[in-house]
Colleague: 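First the structure, then my questions, so here it is.
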Amino acid sequence: MWGNDGSWVGSDAQTIARAVTNREVSASQVLDDHLAHIKARNPELNALVTVARDQAIRAADDLDTRIGRGEDVGPLAGVPFTVKDLIATAGVRTTAGSRALEHNVPSVDAPAVAAMRAAGAILVGKTNTPEFGASGLTHNDLFGYTVNPLRPGGVPRSPGGSSGGEAAAVASGMSVVGLGTDFGGSVRWPAHCTGLRSVRPTIGRVDPDGQYPGVPSGDHLLTNPSTMHGTLQTIGPMTRTLDDAALVLRVLSSRQYRWTDPGSVDLARLDITWAPGDGTAPVGVEIVAAVAGAARRLGARPYEGGALAEGNDLFGTLRSVETHTDIEELGTDFGANIATMLSGVRDVDRQVVERLWAQRSDLVHRLLGEMGDVLVLPVASIPAPPLGEELFDVGGQSLTWAQALASCRAISVTGLPSVVVPVGNTKSGLPIGVQVVARPWCEHVALAVAARL
């Protein structure tokens, strides 16, 4: 529990679910504690942009009734969770941080949200995101800036992005579990900025439907497989403990894929490599030192391949040939970032695009041949940046947020699973996370290695 006031705020998901299932506390009481905490903290942090209070109260009451009847209500019974405002939630406004969708209320949950509800979790609200998730810093014209709850030295900082609202909500105790999305680092970078644990699953592990922008099909929103966004973006959990991350990932995991328990992994038999970065962008000295320390604890050998250094550039090149038709079809009332992105769309020969995707296939094949069973590397070049800053000095070189996320983007383009855990702090007190990257469908291996750290 958070402090000694008897509140359930700050408790982990498994503790809450066990207590609710055993009728040691009601789901309604757990919810009340979190709604009160949201009321107290959210005005400062601006993490939640829509609070689903009435719907959550009804869901908690219904859960308590079912438990009273002796029903099995699932492994996340009574656990309050939040959802990034890019992901569809039935009956709860979903804006994608855009004025074009300011009044959009889906009638059908994204499959990932439906899985959470079926497991007994209680949706308490939606969290802030840059418009359509197209930035590594969380602010938009509709809701403004989200603030990192960690503020060493009193300096207001960003929680990263684009799942920055989720990171701020979970790190501050307003939510127990967050559902974010990850395209170029959007659950990994915010976890690094706020000291959380997160998982970018293998592409396909979690049903990707229900993310904006997408393809409308009746009441449903489907992923567009012909776009880079539709191909590479995943939904993944953000939590305060690694055990919770593993539990939620199992809940989210599509039924057609076998789940393997991380406890079954023999770490002594793993071939683990590590890199101080992706090879294209400088990384802060303190971050490299923390990653190197994690590598030593794991007995990792240096990564010596060449594929990793190609990933970030390929990610950027693929992004540059996107048409963004899914966004254009939603209207014209967009913020400056999206307007600039749309204005940069150009006609590209289809053969050029096909060659880029063929290059990606070759890159994945080569990286798998070089990395061993696990690759450990930084999440980003910098820790959580001061709020409002857009350029960051690393070793005398000025980086944009996208350049600072080169190590994330290099992994995103491959579609490999990546788990982030904190492994230290900067001298100023900011958390440092590390990426633990595994082979396809081997999230259990990444989770097991991360647990050692």
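Just so we're clear, the structure is a prediction, and the values are computed from it rather than from any experiment.
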Colleague: Strictly by modelled atom types, are Thr95 and Glu102 linked by a side-chain donor-acceptor pair under 3.5 Å?
Modeller: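 Checked: Thr95/Glu102 side chains show no N/O donor-acceptor pair below 3.5 Å.
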
Colleague: Going by atom type alone, with no hydrogens or angles, which donor-acceptor pairs under 3.5 Å involve a side-chain atom of residues 396-404 and a protein atom two or more places apart or on another chain?
Modeller:
residue: Thr400; atom: OG1; partner: Ala402; partner atom: N; Å: 3.4
residue: Thr400; atom: OG1; partner: Gln403; partner atom: N; Å: 3.2
residue: Thr400; atom: OG1; partner: Gln403; partner atom: OE1; Å: 3.4
residue: Gln403; atom: OE1; partner: Thr400; partner atom: N; Å: 2.9

Colleague: Under 3.5 Å, is there a donor on one side chain and an acceptor on the other for Lys84 and Ser163?
Modeller: yes

Colleague: Under the rule for side-chain contact (heavy atoms from CB on, under 4.5 Å), what residues qualify as partners of Tyr145, not counting sequence neighbours?
Modeller: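 Residues passing side-chain contact (heavy atoms from CB on, under 4.5 Å) with Tyr145: His139, Leu387.
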
Colleague: Testing the basics here: between Arg240 and Arg197, what is the closest heavy-atom pair and its distance to 0.1 Å?
Modeller: O-NH1, 3.1 Å

Colleague: For the residue pair Thr89 / Thr94, report whether a side-chain donor-acceptor contact shorter than 3.5 Å exists.
Modeller: yes

Colleague: Taking all atoms of both residues into account, what is the closest heavy-atom pair of Phe183 and Arg200, and its distance?
Modeller: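 Minimum heavy-atom separation between Phe183 and Arg200: O-NH1, 3.5 Å.
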
Colleague: Side chains of Asn148 and Ser158: donor-acceptor distance under 3.5 Å anywhere?
Modeller: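 No, no side-chain donor-acceptor contact under 3.5 Å.
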
Colleague: With no hydrogens and no angle check, do the side chains of Thr146 and Thr138 hold a donor and an acceptor under 3.5 Å apart?
Modeller: no

Colleague: Consider only side-chain N and O atoms of Ser428 and Thr426, and report whether a donor and an acceptor are under 3.5 Å apart.
Modeller: yes

Colleague: Where is the tightest heavy-atom contact between Leu137 and Pro385, given as atom of each residue plus distance?
Modeller: CD2-CG, 4.0 Å

Colleague: Looking just at side-chain N and O atoms, do Asp278 and Thr280 make a donor-acceptor pair shorter than 3.5 Å?
Modeller: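 Yes, Thr280 and Asp278 have a side-chain donor paired with an acceptor closer than 3.5 Å.
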
Colleague: Return the minimal non-hydrogen interatomic distance between Ala380 and Leu405, and the atom names on each side.
Modeller: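 Heavy atoms of Ala380 and Leu405 come nearest at CB-CD2, 3.8 Å.
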
Colleague: Between Arg205 and Glu443, is there a side-chain N and carboxylate O pair less than 4.0 Å apart?
Modeller: yes

Colleague: Which pairs, with at least one residue in residues 291-301 and sequence neighbours excluded, count as a side-chain hydrogen bond (donor to acceptor under 3.5 Å, both in side chains)?
Modeller: Asp271-Arg301

Colleague: Regarding Arg439 and Thr202, is there a side-chain donor-to-acceptor distance under 3.5 Å anywhere?
Modeller: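 The answer is no; no qualifying pair exists.
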
Colleague: Below 4.0 angstrom, N of the basic side chain to O of the carboxylate: do Arg99 and Asp141 qualify?
Modeller: no

Colleague: Using the benzene-type ring in the case of Trp, are the ring centres of Tyr257 and Trp441 under 6.0 Å apart?
Modeller: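 They qualify: ring centres under 6.0 Å apart.
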
